[in-house]
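Numbers restart at 1 for each chain; the letters A, B, ... are given by sequence-line order, proteins then strands. Remember, predicted model here, so these are calculated numbers, not experimental data.
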Amino acid sequence: GAGVSQSPRYKVAKRGQDVALRCDPISGHVSLFWYQQALGQGPEFLTYFQNEAQLDKSGLPSDRFFAERPEGSVSTLKIQRTQQEDSAVYLCASSSLRDGAGTQYFGPGTRLLVL
Amino acid sequence: DQQVKQNSPSLSVQEGRISILNCDYTNSMFDYFLWYKKYPAEGPTFLISISSIKDKNEDGRFTVFLNKSAKHLSLHIVPSQPGDSAVYFCAASLGRGKLIFGQGTTLQVKP
């Protein structure tokens, strides 16, 4: 079956621009996660959804970052007024179990470059 | 404050030999540990995991060992194959799926 897909795969933004990154989880997966991976580092947790409810947003670095999953499937991560330090790979993952349990399956990521 | 550390940025081994990747952690509340493998331009792929109540888990060529007293885990790959060349991340879970990742170790398996 289809895995987790993300779009766009690459995004170049000018500083100050708003961007929206999309994640299509595996069909039927209840839990959805966003991570940020800076160059040479491991992924860092941003936020977690169970269905449409955002249960943990403790990793969002500032109020410029906003995530939603209105119908409990597709999720969008929005970054307002992008800064150069936002340049990173943004990874989405989903799992089939509630409460974030179960194996997390990752998408290929969106590489964001802010100039 | 790096709660999960992979102190070796890279490792090179000969095909057929054992690869040992190491990971240290500081938080004794972690309840689950995982290893992910990542190829360039792809997302991390789950390899193997271990619960904090166990000390060993094996799956084919991959074995994970957990030493809670030392707050240390390791991944053994035997025998190593060129296709195993990738970046390996260890990760720890505090519950509710929030994974804390190490910085990664790049493994190169030479033919």
Side-chain angles (χ1 to χ4, degrees), chain A residues 2-10 21 23-26 29-51 53-60 75 88-111, chain B residues 1-10 21-27 29-53 57 59 62 64 73 75 86-107:
Chain A
V4 178
S5 61
Q6 293 185 245
S7 61
R9 292 293 311 276
Y10 302 92
L21 313 180
C23 172
D24 282 85
I26 294 172
H29 275 199
V30 171
S31 297
L32 185 144
F33 307 83
W34 283 98
Y35 292 84
Q36 179 190 58
Q37 185 177 16
L39 191 63
Q41 301 297 316
E44 289 195 6
F45 172 84
L46 292 177
T47 188
Y48 158 60
F49 289 86
Q50 180 169 286
N51 296 309
Q54 189 175 20
L55 299 186
D56 187 345
K57 52 182 180 179
S58 62
L60 296 176
S75 177
V89 175
Y90 290 85
L91 294 162
C92 175
S94 69
S95 74
S96 61
L97 301 181
R98 300 173 63 84
D99 293 327
T103 300
Q104 292 185 29
Y105 296 91
F106 283 81
T110 294
R111 183 174 296 275
Chain B
D1 177 25
Q2 191 78 24
Q3 296 188 70
V4 178
K5 290 185 181 179
Q6 293 175 257
N7 292 315
S8 298
S10 62
L21 297 105
N22 295 301
C23 181
D24 296 298
Y25 63 95
T26 57
N27 192 335
M29 298 301 291
F30 288 136
D31 60 355
Y32 220 73
F33 300 89
L34 308 91
W35 284 93
Y36 279 83
K37 172 180 176 180
K38 187 180 183 304
Y39 293 118
E42 294 183 12
T45 302
F46 171 75
L47 263 182
I48 191 168
S49 63
I50 187 168
S51 165
S52 60
I53 63 173
N57 187 26
D59 183 3
F62 302 92
V64 57
L73 68 155
L75 174 68
V87 180
Y88 289 78
F89 291 99
C90 71
S93 173
L94 270 174
R96 273 227 156 140
K98 180 176 179 177
L99 296 181
I100 311 296
F101 284 83
Q103 308 96 305
T105 297
T106 300
L107 172 65

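When the side chain to side chain donor-acceptor pair (under 3.5 Å) test is applied to A:Gln37, no partner is found at least two apart in sequence or on another chain.
For residues 41-51 of chain B, heavy-atom neighbours of chain A at less than 4.5 Å comprise B:Ala41, B:Glu42, B:Gly43, B:Pro44, B:Phe46, sorted by residue number.
Of the atoms belonging to A:Arg111, not a single heavy atom falls under 4.5 Å from chain B. With a 4.5 angstrom heavy-atom cutoff, B:Tyr36 touches chain A only via side-chain atoms. Heavy-atom distances place the side chain of A:Ser58, and not its backbone, under 4.5 Å from chain B.
Within a 6.0 Å radius of CD in B:Gln103, more than 12 heavy atoms belonging to other residues, nucleotides or ligands are found. For A:Tyr105, the OH atom is loosely surrounded, since the number of other residues' heavy atoms within 6.0 Å does not exceed 12.
Distance check, rounded to the nearest 0.5 Å: CG of B:Leu99 to OH of A:Tyr35 gives 3.5 Å.
Of all the listed residues (A:Gly40, A:Pro43, A:Gly107, A:Ala93), the one sharing the greatest number of non-hydrogen pairs under 4.5 Å with chain B is A:Pro43.
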